[in-house]
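The structure under discussion appears below in the form of structure tokens.
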Amino acid sequence: MPELPEVETVRIGLAKWVTGRTIATAEVHHPRAIRRHLPGDVHFNAVLTGRTILDVSRRGKYLWLPLDSGDAIIAHLGMSGQLLMQPATAEDEKHLRVRFTFTDGGPQLRFVDQRTFGGLSVSEGGAELPGEISHIARDPMDPLFDDDAFSARLRGRHTEIKRALLDQSLISGVGNIYADEALWRAKLHGTRPTDKLTRPAVGRVLGHVRDVLAEAIRAGGTSFDELYVNVNGESGYFDRSLNAYGREGEPCHRCGAPIRRESFMNRSSFSCPRCQPRPR
DNA sequence: ACGAAGACCTGGATGC
DNA sequence: TGCATCCAGGTCTTCG
């Protein structure tokens, strides 16, 4: 599932392939892919035709592509979205949703998304930071992320630590996988109340979040010099390094106890029953 | 204002 | 074999 490291890998690859190129057409193959673009597919194509892409930026799991018009293309991969560079001759993918062609006739940019949780839209005047994603907090790799403010906001909330880590308005980029990994490293159970955490404890969690994201970026940042922005929207090579996520019943890499799985928000949480005891 | 739950999706895995 | 059900989970919307 694309979380910050996967999206950052896509951003780097995309920047290399589309920066400075001018869009010739923006074909929408599935309306749901641009459901956030309220004016619809005809407008989507019209407003993008002839525009030059200046850069590829990211906040949390969102990407945006500033254009020479001052507008920006917003992209979210959802659960299964991919942004692929493909030669014009390549056959359409089964789940091709949007295709961009360029005036230079070079490789196309294709948005492919099986489950259509992801999508694209155009933000008017959003080149600096689209208003549509201004509610998304800075991510912990952002130099302007404010550790003290985060700690204060977190400890001021009456919620559980894992819920807080997944709250993109508090800290962005973290999803279910990296939340579980950071909590395993911090030896904290996900249901620990945030208002009972000390400031140093929050600092430790944040440090582990940063470590796990940085390691995953390194693991995912391989081999995208082909006509490919990112392999498959999954964790790259990082799945080999997981300590908790998806390891139900397997021995904890720290203490050997079998990793437990618990139901959480219609999904799963993985943790070590010995290293991460449930709060009472 | 905040927190929690429901809705949105498809295809692979599993159960009968 | 075929059909039904479960499961993956990020984000927006709705409700309390």
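Each chain gets a letter, A, B and so on, in the order the sequences are listed, and its residues count up from 1. Just so you know, these numbers use all the heavy atoms, side chains as well, and skip hydrogens, waters and symmetry mates.
Contact annotation for A:Phe264: no contact, since no heavy-atom pair falls under 4.0 Å across all strands. A:Arg261 comes within contact range of the sugar-phosphate backbone alone, with a heavy-atom separation under 4.0 Å but no base atom that close. Residue A:His30 is out of contact with every strand shown, counting any heavy-atom pair closer than 4.0 Å.
For B:dA1, neither phosphate oxygen OP1 nor OP2 lies less than 4.0 angstrom from any side-chain nitrogen or oxygen of A:Arg157. Look at A:Gln168 and you'll find a side-chain N or O under 4.0 angstrom from OP1 or OP2 of C:dT11. Side-chain N/O atoms of A:Lys94 include one lying less than 4.0 angstrom from OP1 or OP2 on B:dG11. The side chain of A:Ser80 places no N or O atom within less than 4.0 Å of a non-bridging phosphate oxygen (OP1 or OP2) of B:dT10. A sub-4.0 Å separation between OP1 or OP2 of B:dA1 and a side-chain N or O of A:Arg153 is absent. In terms of phosphate contacts, A:Tyr62 brings a side-chain nitrogen or oxygen within less than 4.0 Å of OP1 or OP2 of C:dC12. At B:dA1, none of the side-chain N or O atoms of A:His158 fall inside 4.0 Å of OP1 or OP2 (strictly under the cut-off). Remark: A:His76 is in phosphate contact with C:dT11, judged by side-chain N or O atoms under 4.0 Å from OP1 or OP2.
Between A:Leu188 and A:Gln276, the shortest heavy-atom distance links the atoms O-NE2, 2.9 Å.
Interface remark: the A:Arg163 side chain does not form any donor-acceptor pair with the B:dA4 base, using a distance-only criterion of under 3.5 Å.
Atom CD in A:Glu248 sits roughly 10 Å away from atom P in C:dA8 (whole-Å rounding). The distance between atom CZ of A:Arg35 and atom C1' of B:dA7, rounded to the nearest whole Å, is 11 Å. Rounded to whole Å, the distance from CD on A:Glu160 to C1' on B:dC2 is 14 Å. In this structure, A:Arg36 places its CZ atom 11 Å from C1' of C:dG10, rounding to the nearest Å. Atoms CD (A:Glu6) and P (C:dA8) sit 18 Å apart, rounded to a whole Å. C:dT11 atom C1' lies 9 Å from atom NZ of A:Lys61, rounded to whole Å. In this structure, A:Arg58 places its CZ atom 15 Å from P of C:dG10, rounding to the nearest Å. One interatomic measurement links the two molecules: CG of A:Asp167 to P of B:dA1, which rounds to 15 Å at whole-angstrom precision.
Ion pair A:Arg32/A:Asp113 not flagged as a salt bridge, since none of the NZ, NE, NH1 or NH2 atoms sits closer than 4.0 Å to an Asp/Glu carboxylate oxygen. Taking the charged nitrogens against the carboxylate oxygens, A:Arg110 and A:Glu93 do have a contact shorter than 4.0 Å, which makes a salt bridge. For A:Glu215 and A:Arg218, the salt-bridge test fails: no basic side-chain N is under 4.0 Å from an acidic carboxylate O.
The aromatic rings of A:Phe100 and A:Phe44 sit tilted, their planes meeting at an angle between 30° and 60°.
Positionally, the nearest nucleotide of DNA chain C for A:Phe270 lies more toward the 5' end than for the other of A:His135 and A:Phe270.
The side chain of A:Arg32 approaches B:dC8 more closely than any other nucleotide in the set B:dG11, C:dG10, B:dC8. The A:Gln114 side chain lies nearest to B:dG11 when the options are B:dG11, C:dC12, B:dC8. Among C:dC12, B:dC2, B:dC9, the nucleotide with an atom closest to any side-chain atom of A:Arg115 is B:dC9. For A:Arg267, taking side-chain heavy atoms from C-beta onward, the closest of the listed nucleotides C:dC12, B:dC8, C:dT11 is C:dT11.
Residues A:Thr194 and A:Arg157 bring no donor and acceptor atom of their side chains to less than 3.5 Å of each other.
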